[in-house]
Protein chains: 2
Amino acid sequence: MSGRRTSINDVAKAAGVAIKTVSRVLNNEPNVREETRAQVLAAVKRLNYHPSLSARSLASRRSYLVGLVYDNPSANYTIEVQRGALARCREAKFLLLLHEVAGRSEEVIQDILTFANQTHLDGLIVAPPLSESAELIRALDAQALPFVRIAPNEIKHRSPYVDIDDEAAAREMTEYLIGLGHRSIGFIIGRPGHFASGERLRGYKAALKNHKIPYVPEYVRQGDFLFDSGLEMTRQLLALPKRPTAIFAGNDDMAAGALMAAHEMGVAVPQQLSVAGFDDAAIARTVWPPLTTICQPTYQLAYRAADLLLEMLLSSSTPKPARLAHTLVRRDSTAVAPNGRVK
Amino acid sequence: MSGRRTSINDVAKAAGVAIKTVSRVLNNEPNVREETRAQVLAAVKRLNYHPSLSARSLASRRSYLVGLVYDNPSANYTIEVQRGALARCREAKFLLLLHEVAGRSEEVIQDILTFANQTHLDGLIVAPPLSESAELIRALDAQALPFVRIAPNEIKHRSPYVDIDDEAAAREMTEYLIGLGHRSIGFIIGRPGHFASGERLRGYKAALKNHKIPYVPEYVRQGDFLFDSGLEMTRQLLALPKRPTAIFAGNDDMAAGALMAAHEMGVAVPQQLSVAGFDDAAIARTVWPPLTTICQPTYQLAYRAADLLLEMLLSSSTPKPARLAHTLVRRDSTAVAPNGRVK
DNA sequence: CTGAAAGCGCTTACAG
DNA sequence: CTGAAAGCGCTTACAG
């Protein structure tokens with residue numbers, strides 16, 4: 001670290017061209033002779049030159065900074081989101097800044113706006129459940145800050161988003177259980193207000209209907225996406241006179257709670273009770289038995305979200321939303337229903 | 001986003017001073033009259049001015065960028081490290097860039113150096129287990145890049161670091177089990193090569209010695225910090241003719257594996273077997289029964305690491321290493337030894 | 001296909 | 001205690 005860092009001037013001198021030409025090569029602009037381009041690249045390599053982000057940023061009135069805001073629902077989920085967004089940003093030579101928020105909605109919004117203003121963010125990626133906040137969307141709109149939402153709810157807004165088909169996924173899982181011979185299937189709903197909670201419930205209902213299985217209200221319980229609610233609701237479901245032979249929880253944390261309730265009450269999983277989750281979070285593989293669940297392509301969702309944002313920033317267009325595929329992962333927590341006939 | 005962003009010139013004009021004075025106020029430099037300072041701050045507020053990082057960075061030859069590199073050992077741990085480092089960086093108006101690495105040591109080092117060069121990082125925070133890599137330390141040294149290590153091993157290097165006393169913590173946990181009347185205590189060692197693995201083993205041995213309990217080699221098994229190794233080693237320990245009444249695993253993931261082995265073999269925890277972990281990771285609270293474990297102040301370690309790095313950068317001194325306190329967290333996985341007399 | 005000039009918004013180094 | 005000038009390393013806008 002002695003003396004000056006090497007700059008575009010050094011490269012220009014070494015390659016025998018003007019700095020504008022170096023700039024063209026570095027930014028993959030057209031109208032450079034192939035030979036000239038090669039000379040410049042050779043000089044870049046020889047001098048181990050790395051362009052200065054601050055200079056570029058200052059001159060182009062663009063920060064090359066993208067923010068990722070999240071209200072950490074679970075560490076594993078968040079890490080995957082970070083990975084996906086980071087990967088795409090790195091490719092485009094943008095920097096990703098993380099910003100975790102928590103607390104009341106009003107403060108959270110102010111917090112995010114302050115973050116965006118202080119860092120002069122070019123754009124923002126909004127992870128769920130923040131992506132479901134109508135107030136936040138409105139506030140970002142008012143700032144004219146480009147943003148992309150991951151798995152948002154039904155809020156109508158022209159900004160792009162990426163998601164999966166929660167209803168279809170829940171329908172598939174329910175039909176998978178039906179296929180195993182289950183006819184009494186409990187369902188634990190996710191936190192009220194989350195769009196995904198409602199969609200998953202809708203998928204459960206649709207599957208029952210498709211198979212002409214009556215909907216039993218007492219089999220459907222309200223949880224909140226947390227372990228404890230899965231535990232408590234399963235205790236209630238298993239205490240029912242005619243208890244369900246399968247329980248489908250709105251996410252893996254609640255499914256893990258369901259497993260614990262079964263252990264407590266001496267109900268064998270999967271022999272006497274099948275349990276299914278949603279998300280394929282890390283907990284799905286650390287509980288016993290490992291959970292049958294729906295795998296969301298979290299990394300891909302975040303990668304794609306970053307991709308859409310960069311497209312907005314670089315071409316100032318408004319890209320179309322993207323819907324990605326989920327998969328049903330079969331593990332050991334589900335099995336043929338006791339006395340059940342497999343279809 | 002119409003027209004120009006407000007700059008230091010606008011503030012200077014509005015406050016009736018030179019831009020240098022605005023700069024002084026913003027950077028808390030001395031030699032500004034209190035009245036002038038107030039005028040400037042009022043103008044800053046009125047115009048909702050936020051200084052440009054790129055301009056500041058370009059002029060001061062400092063990127064205000066700090067890197068955090070990690071080889072994600074567990075999502076929960078990583079998230080806590082991020083939180084701590086982010087909090088300190090935000091206070092100092094530095095930006096934190098994440099960089100996750102994986103794979104062979106040589107590639108990892110090259111990857112980190114490329115990251116540092118491309119972003120013109122001012123400094124680097126190195127999380128474990130990367131902080132234990134002698135090759136990495138050497139490479140960073142060669143680049144003259146300031147860095148701070150979190151929980152490094154015994155590598156001698158003048159760069160600062162933060163850690164806890166792993167040996168003392170393991171000693172305390174072992175003595176806690178002894179205090180519950182246990183005399184046959186199994187131990188599952190963490191991944192070989194990790195400094196913490198050896199320190200924790202040392203603490204276990206020291207406690208036995210302090211209490212004149214003979215060291216039984218077959219009670220000590222080699223794991224690798226992963227769930228499966230805890231499962232397998234506990235199966236072996238519980239198959240012993242005289243099986244231990246307590247098992248202390250070198251981390252929580254292995255302790256969770258130990259719990260599953262006990263469930264499998266019909267050994268009641270904690271009535272017939274006490275199980276203790278280390279780290280207080282999220283899994284410690286999702287397994288059943290919840291784990292007694294050692295809580296590392298992960299957030300604080302990272303916060304402090306960032307603090308030391310910033311001190312290095314801003315005062316160009318070399319701060320002293322910091323050692324932080326751990327705590328023993330009692331939960332339901334440990335109890336009085338069967339037929340044990342509590343001391 | 002290539003380049004010279006101006007300027008982005010700050011800090012540094014200096015003067016008073 | 002305050003300020004005018006120079007310059008950080010790029011891109012933009014323009015000229016040829």
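Chain letters run A, B, ... following the sequence lines, proteins first, then strands; residues in each count from 1. Just the heavy atoms: all of them, side chains too, but no hydrogens, waters or symmetry mates, feed the values below.
For the segment residues 47-60 of chain B, residues with any heavy atom less than 4.0 angstrom from an atom of DNA chain D are, sorted by number, Leu58(B), Ala59(B). Using a 4.0 Å cutoff on non-hydrogen atoms, the parts of residues 27-45 of chain A near DNA chain D are Asn27(A), ordered by number. At a non-hydrogen distance threshold of 4.0 Å, Ile19(A), Lys20(A), Ser23(A) from residues 13-25 of chain A come into contact with DNA chain D.
In this structure the side chain of Pro128(B) reaches within 4.5 angstrom of the side chain of Tyr77(B), judged on heavy atoms. Side-chain atoms of Leu95(A) and Thr119(B), non-hydrogen and from C-beta on, do get closer than 4.5 Å to each other.
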How far apart are the C-alpha atoms of Leu98(A) and Leu96(B), what are their side-chain angles, what is the distance that settles it, and do they pass the side-chain contact (heavy atoms from CB on, under 4.5 Å) test?
CA-CA 8 Å; Leu98(A) 303 185; Leu96(B) 185 74; over 6 Å; no
Checking salt bridge (charged side-chain N to carboxylate O under 4.0 Å, His left out) for the pair Asp141(A)/Arg158(A): CA distance, chi angles, key distance, verdict?
CA-CA 10 Å; Asp141(A) 220 20; Arg158(A) 60 190 160 62; 2.9 Å; yes
Is there a salt bridge (charged side-chain N to carboxylate O under 4.0 Å, His left out) between Glu80(B) and Arg83(B)? Walk through the geometry before answering.
CA-CA 5 Å; Glu80(B) 276 302 293; Arg83(B) 276 199 189 119; 2.3 Å; yes
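Annotation: salt bridge (charged side-chain N to carboxylate O under 4.0 Å, His left out) contacts of Asp122(B) (sequence neighbours excluded): none. Arg33(A) meets the salt bridge (charged side-chain N to carboxylate O under 4.0 Å, His left out) test with Glu35(A); sequence neighbours excluded.
Within a 6.0 Å radius of NZ in Lys93(A), no more than 12 heavy atoms belonging to other residues, nucleotides or ligands are found. The environment of Lys13(A) atom NZ is sparse: at most 12 non-hydrogen atoms of other residues, nucleotides or ligands sit within 6.0 angstrom.
Using a 3.5 Å distance cut-off with no hydrogens or angles, the side chains of Arg62(B) and Ser57(B) do not pair a donor with an acceptor.
Less than 6.0 angstrom separates the ring centroid of Phe147(A) from the ring centroid of His157(A).
For Asp10(B) and Arg5(B), the salt-bridge test fails: no basic side-chain N is under 4.0 Å from an acidic carboxylate O.
Boundaries of the chain A contact region on DNA chain C are dC1(C) to dG9(C), first to last in 5' to 3' order (nucleotide atom under 4.0 Å from a heavy atom).
dC1(D) is paired with dG16(C) under the criterion used here, namely a Watson-Crick or G-U wobble arrangement in which both key atom distances are under 3.5 Å.
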